[in-house]
Each structure stands twice: as structure tokens, then as C-alpha cells.
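Okay, structure first, notes after.
Naming: A, B, ... by sequence-line order, numbering from 1 per chain. Computation of the quantities below employed the complete heavy-atom set of this structure, encompassing side-chain atoms and omitting hydrogens, waters and symmetry-equivalent molecules.
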Protein chains: 2
Amino acid sequence: MAVTRPVPHPAPAAGAERVSTGPVVARALRLLEAFSDERPTLTLSEISRRSGVPLSTAHRLIAELETWGAVERDGAGRYQVGLRLWEVGALAPRGPGLRERALPYLEDLCAVTRENVQLAVREDDEIVYVERLAGTRAVGVHIRVGGRWAMTATGVGLVLLAHAPPDVVERVLEGPFPRHTPWTLTDPARIRETLAAVRTRGYAVSDRQITSDATSVAAPVRDAAGEVVAALSVVAHHGSPVAVLAPLVRTSAGGVSHALAAGRGRRPPPPR
Amino acid sequence: MAVTRPVPHPAPAAGAERVSTGPVVARALRLLEAFSDERPTLTLSEISRRSGVPLSTAHRLIAELETWGAVERDGAGRYQVGLRLWEVGALAPRGPGLRERALPYLEDLCAVTRENVQLAVREDDEIVYVERLAGTRAVGVHIRVGGRWAMTATGVGLVLLAHAPPDVVERVLEGPFPRHTPWTLTDPARIRETLAAVRTRGYAVSDRQITSDATSVAAPVRDAAGEVVAALSVVAHHGSPVAVLAPLVRTSAGGVSHALAAGRGRRPPPPR
DNA sequence: CGACCGTTTCCGCATACCGGAAGGCCGATG
DNA sequence: CATCGGCCTTCCGGTATGCGGAAACGGTCG
């Protein structure tokens with residue numbers, strides 16, 4: 001309850017001179033970034049502080065966002081992300097679009113294994129969960145749809161990293177590696193070997209990397225061009241038979257891949 | 001609102017025109033509006049044409065949106081709504097937030113009735129579907145999560161209209177009423193009576209308004225302050241026992257209302 | 001090859017953005 | 001009752017920043 005979050009992560013003020021204000025649009029988008037899962041509603045002043053945009057400027061920009069419906073006010077006058085923005089966000093092909101096509105396969109996999117099943121994509125140097133289904137016999141996992149995670153810590157992350165462009169791999173292998181258990185991989189050389197293995201075997205195993213009692217098995221999802229665009233995984237109790245799970249996960253991932261390749265004809269005739 | 005028809009290329013203008021271009025942010029948001037369910041990916045030129053923003057301007061603004069992640073490009077270089085925008089949209093309290101709290105009750109209602117169940121909110125003079133569950137014995141309904149509908153045509157729409165501010169009611173009762181079947185209501189006076197009945201009975205019945213074989217029964221969802229913030233409905237075959245469905249729908253809506261009232265403690269302590 | 005269509009860059013002009021300051025409106029505090 | 005602090009809103013002179021036609025660039029088709 002009385003959670004005293006000592007400075008969440010405002011990280012605004014450069015502290016010194018504000019020489020260039022930067023493009024307006026970028027600032028408006030920064031205002032939207034002020035909202036988060038823990039703080040879904042904010043006052044104008046809070047938005048201003050969190051985004052580092054002067055109050056009067058934030059006031060003007062927020063008013064424009066509100067006119068369009070990107071933000072709206074609740075009964076108390078506090079601001080929150082607007083329904084309109086959700087509607088537009090629901091058009092993202094890599095989000096709901098991907099989810100919709102993959103869902104039947106995820107459900108089958110979930111029904112067969114009775115474990116948690118998840119679908120994720122890469123965004124910059126992190127992964128974003130697009131969907132998650134809870135299995136009846138599942139381990140407790142605390143991921144949120146729309147949530148982000150480090151690439152090295154999860155099965156889906158390893159798959160996506162194994163097929164990411166070289167510059168992404170290098171950046172990730174430099175950065176710090178979040179450690180959650182005694183078994184967490186933190187040696188770049190070892191990770192590099194793991195990635196190679198993922199590519200040759202066609203699936204990844206992440207054993208006790210986040211919690212000490214869970215193992216995840218993940219496989220790549222490809223688009224019509226053969227590019228890896230997503231990853232799908234099952235999280236099971238540590239000690240579960242990987243030899244059994246891997247083929248199941250790979251088969252499901254293949255099913256999603258085929259669904260993506262097949263569903264391309266939805267586009268109306270050319271421009272006009 | 002100043003709609004200044006930009007006129008694509010010809011601009012021989014005498015030079016005396018003081019055409020207001022309008023705020024930048026508004027224009028950037030208009031670019032996002034160019035995307036739709038039928039056209040989830042667009043070229044820059046298409047975006048420019050659809051939004052009425054000159055090409056070079058659209059180019060500059062889209063570049064800013066892309067930098068932030070509001071839009072992204074697929075393999076062919078076409079633009080699409082970005083994952084980042086989806087992430088932020090997922091924070092909308094009236095969208096996913098409401099959905100999450102309501103889901104258990106919707107599932108129960110769906111399991112008991114085996115019919116389609118839906119949850120919707122009002123946005124301006126229309127309703128937006130926030131969630132939809134398919135029942136095993138259900139009539140075919142063609143609504144999409146995130147989709148919009150007229151308020152007069154659906155059960156949820158009648159409920160939300162019955163509890164909407166007067167100015168909304170007046171606007172809606174003026175406007176044209178989309179007619180889908182011979183039974184569609186189009187007389188303002190009749191609709192006004194219907195709305196009064198909805199308020200006194202606590203539920204709405206929309207009989208064969210969209211398709212000739214379906215009847216929907218809807219009830220209001222209220223927040224902690226007692227305000228109607230959403231509506232919940234069941235769509236059944238025409239002729240189904242309303243007397244049986246209505247109490248079920250009202251009970252479920254009441255459950256969601258209580259869940260909303262109870263779940264208010266999630267807010268961290270005030271600002272600081 | 002040339003016509004067509006889409007994308008990208010350039011640059012001078014003035015529009016519309018900027019943000020400190022001041023005023024108003026609570027609610028809490030002494 | 002007076003005072004204070006926090007938040008929201010409005011105002012306005014100065015100029016950063018957005019504007020968009022034009023032209024160069026690159027691909028595809030007939």
C-alpha cells in the first residue's frame with residue numbers, strides 16, 4: 001500500500017541549459033510516455049514533471065492530444081490514455097494483428113501441454129509480450145501483455161536475439177545482464193554459443209533464468225519471406241522433458257508461420 | 001475544425017490566401033488516422049493523400065513518429081502502426097483496463113448462456129466494443145474489438161444512450177439512423193420512449209435491429225460513483241426468453257460494477 | 001528507352017510554437 | 001479567518017521551428 005517509490009524514473013531535466021527544445025511532435029509523444037502501468041492516470045503537473053516539459057507547454061500540447069482523443073480526463077480531472085489511442089494501437093500488425101493469427105495455435109499448444117504459452121516480438125533491444133495464455137497446470141509467471149523484458153533472460157528472447165541483426169546482438173552482449181537466479185547466464189561468450197545452438201537446433205531452452213523452478217522452450221515464427229518476426233514459448237516446471245516439449249513448440253511455431261504466409265491476400269486491390 | 005481543402009498539387013494561388021495549417025500535433029495525429037482496419041499498411045503517398053497533408057510535410061512528420069515508434073516500416077518499406085503505440089494504447093483505462101476487470105464476469109455469463117457476450121463503452125456519439133466472447137451456440141455477429149457502431153442499433157448502445165448526457169442524446173436523435181432490417185427503429189419519439197424504459201427497467205432489449213435473427217439484451221455497468229461507464233450484453237437468437245436472459249445480464253453487469261468499485265485501491269499514494 | 005509513381009532532400013519565408021509570469025481556484029493548515 | 005502551497009489556466013512578445021513547392025533520385029512497367 002504505502003509504497004514510497006523514490007523517484008520512479010522521471011529522468012527529465014538535463015539539469016543545465018535547455019538550448020534546443022526539439023520538434024513539437026516528439027515532445028507531445030514524450031508526454032504520452034509519462035503514463036505507465038503503475039501510474040495510468042496523472043495530473044497535468046505530474047505529466048509535466050515526468051516528461052521534463054514546462055508546465056505551460058505541456059498544458060497546450062495535452063489540450064491538443066485531448067481534442068483528438070489520445071488522452072482523456074476522468075471524473076476527477078486527471079488525465080489518462082484515451083480510448084482513441086487504443087483503437088489506433090489495435091491496428092498494429094505486430095501486436096493485435098499477429099496475436100489474432102497466432103491465437104488458435106497458441107490455444108492448441110496450451111491445451112496439449114497445459115502449461116503457460118506466450119508469444120513475443122523484438123522491439124529495439126528488448127522483447128515485448130504480445131499474448132500470454134495460462135495453462136491449467138502452469139508455473140506462476142508474472143509477465144504482462146504489452147510488457148518488456150531483456151532478451152537474454154527468456155526463451156523467446158534467445159530465439160529473437162539469435163535471429164536479430166548483428167548490431168542488435170553486439171549491443172545486447174555488451175550491456176549488463178539482469179541476474180534473477182544463480183543460474184542466470186551473464187558470460188557473453190557462453191551466450192554467443194547458446195545463440196549458435198538455437199540457430200542450428202531451431203529452438204531455445206532457457207533453464208531457471210528468471211525463477212529457480214521454471215524452464216522455457218521457445219521456437220521462431222517466420223513471415224512469408226522467411227524472416228523471424230516473433231517467437232513462441234512454453235514455460236514449464238524445471239525438469240520437464242524438453243525432448244517432448246521442443247517438437248510441440250516447433251510445430252506450433254511452424255503453424256503460426258504458415259498462417260502468416262497464407263494470410264497475405266487480405267489486402268484490397270492496389271492503392272486506388 | 002477549419003477544414004481547408006488543401007488541393008493536392010495545383011497551387012497557383014493569388015497569394016492573398018491565409019490558409020491556416022493548424023497545430024502540428026493535430027496534423028501528426030491526423031496521419032495516424034489514415035490507418036484503418038482494412039488498410040493497416042500504407043505508403044507515404046497514401047498517408048499524405050488520405051490525411052490531406054502535403055507530401056513533404058507528411059514525410060517530415062512521419063519521420064518523427066517513426067523515431068518514437070508510433071509507426072514503423074515493414075519489409076517493403078510501407079508504413080504501419082508501431083508496436084510502441086500499441087503498448088501505450090494498452091494503458092487506456094477505458095479499454096484494456098476495463099476489459100481486464102470485467103473478463104471473469106463475461107466468461108461466466110458466456111458459459112451459462114452459451115451465447116455471444118460483449119462489453120462496450122461510449123466514445124462521442126458512438127459505441128466502441130472493448131471485448132467480445134464467442135459462445136458455443138452463438139448467432140453469427142460481426143463485431144470487432146475496437147470497432148465502432150451507432151448507438152441506436154444495439155442493446156449496449158441503447159443502454160449507454162439512456163444514461164448519456166442530454167446533449168449527446170439530442171445529437172443522436174437528430175442524426176440519421178442506420179437501417180439494417182425492417183424492424184430497425186428510426187422514429188425519435190419511439191426511441192425516446194425506449195430509453196425511458198431502459199432507465200426504469202434497468203436493461204435494454206434490441207430486437208432484430210441489425211440482423212433479422214438476433215436479439216440482444218444489455219445492462220449498464222457503473223463505476224464507484226454510480227456513473228454508467230460501460231454496458232454489457234448478450235446476443236441470442238430471436239425468440240430467446242428475454243425474461244431469463246435479462247436477470248443474468250443484470251447480475252453480471254452488477255458484478256463488473258462491484259469489481260470496478262472494489263479495485264480502486266491500486267493507486268499509489270498521492271503525487272509524491 | 002522514357003513515362004510514371006513514390007521517396008527524399010533542399011531552403012527561404014513567416015507561422016505557430018515557446019514558456020515565464022501572473023491570476024484564479026481549491027483544500028489544508030495555523 | 002488569514003495564509004499557504006499545489007494545481008490549472010490564460011496571456012503575450014520574440015523567435016525557433018514548421019512549412020511545402022520544387023527538384024533530384026530511384027524503382028517498375030510497357
Side-chain angles (χ1 to χ4, degrees), chain A residues 10 12-14 16-31 34 39 41-68 71-80 267 269-272, chain B residues 1-2 4-31 34 39 41-68 71-80 267 269-272:
Chain A
E17 292 301 317
R18 183 171 299 286
V19 196
S20 173
T21 57
V24 218
V25 175
R27 310 186 101 197
L29 293 171
R30 276 227 307 277
L31 296 185
R39 323 223 58 225
T41 76
L42 300 169
T43 69
L44 178 58
S45 304
E46 284 169 338
I47 296 172
S48 165
R49 280 194 297 270
R50 293 184 144 235
S51 60
V53 173
L55 184 62
S56 63
T57 302
H59 178 258
R60 177 167 34 85
L61 296 180
I62 278 282
E64 289 187 53
L65 292 175
E66 188 185 4
T67 299
W68 185 79
V71 300
E72 51 194 27
R73 311 177 79 148
D74 64 8
R78 298 171 64 93
Y79 290 95
Q80 58 190 30
R267 184 119 40 259
R272 186 154 284 266
Chain B
M1 281 297 180
T4 49
R5 282 266 163 261
V7 184
H9 342 110
E17 289 301 320
R18 187 178 292 271
V19 278
S20 171
T21 57
V24 219
V25 175
R27 309 185 103 198
L29 293 171
R30 276 227 306 275
L31 296 185
R39 323 224 60 227
T41 76
L42 299 168
T43 68
L44 179 59
S45 305
E46 285 169 338
I47 296 172
S48 165
R49 281 193 296 270
R50 291 180 146 240
S51 60
V53 174
L55 184 61
S56 62
T57 301
H59 179 259
R60 176 167 34 85
L61 295 180
I62 278 281
E64 289 188 54
L65 292 175
E66 189 185 3
T67 299
W68 185 79
V71 301
E72 52 194 26
R73 311 177 78 148
D74 64 9
R78 298 172 64 93
Y79 289 94
Q80 59 191 30
R267 183 120 44 258
R272 182 162 288 264

**Report entry** side chain to side chain contact (heavy atoms under 4.5 Å, CB included) between B:Leu65 and A:Leu29, intermediate numbers included
**Finding:** CA-CA 8 Å; B:Leu65 292 175; A:Leu29 293 171; 4.0 Å; yes
Query raised in the report: Hey, does the side chain of B:Thr43 reach the backbone of B:Arg78 with a donor-acceptor pair shorter than 3.5 angstrom?
Result: no
Report task. Look at the side-chain N and O atoms of A:Arg27 and state whether any lies under 4.0 Å from the OP1 or OP2 oxygen of C:dC18. Result -> yes
Query raised in the report: Can you find a side chain N or O atom of A:Arg60 that sits less than 4.0 Å from OP1 or OP2 on C:dC18?
Result: yes
Between [X] ([atom1]) and [N] ([atom2]), how many Å, whole number?
X: B:Asp74; N: C:dT7; atom1: CG; atom2: P; result: 12 Å
X: A:Arg30; N: C:dC17; atom1: CZ; atom2: C1'; result: 15 Å
X: B:Glu64; N: D:dG18; atom1: CD; atom2: P; result: 6 Å
X: A:Arg49; N: D:dG6; atom1: CZ; atom2: C1'; result: 9 Å
X: A:Leu65; N: C:dC17; atom1: CG; atom2: P; result: 12 Å

Query - Residues in side chain to side chain contact (heavy atoms under 4.5 Å, CB included) contact with A:Leu44, at least two apart in sequence or another chain - result: A:Leu55, A:Ala58, A:His59, A:Ile62, A:Tyr79
Report task. Taking all heavy atoms of A:Val53 and all of A:Ser48, pick out the closest pair and write down the distance. Result -> O-OG, 2.6 Å
Requested in this report: Identify the heavy atoms of A:Pro23 and B:Glu64 that sit nearest to each other, and give their distance.
Outcome: CB-OE1, 2.9 Å
With the criterion being N/O to N/O and under 3.5 Å, what pairs connect the protein with nucleotides 8-11 of chain D, and how long is each?
| from | atom 1 | to | atom 2 | distance (Å) |
| --- | --- | --- | --- | --- |
| D:dC8 | OP1 | A:Leu44 | N | 3.1 |
| D:dC8 | OP2 | A:Leu44 | N | 3.3 |
| D:dC8 | OP2 | A:Ser45 | N | 2.7 |
| D:dC8 | OP2 | A:Ser45 | OG | 2.6 |
| D:dT9 | OP2 | A:His59 | NE2 | 3.4 |

Report task. Report the distance from atom CZ of B:Arg39 to atom CD of B:Glu46, rounding to the nearest 0.5 Å. Result -> 5.0 Å
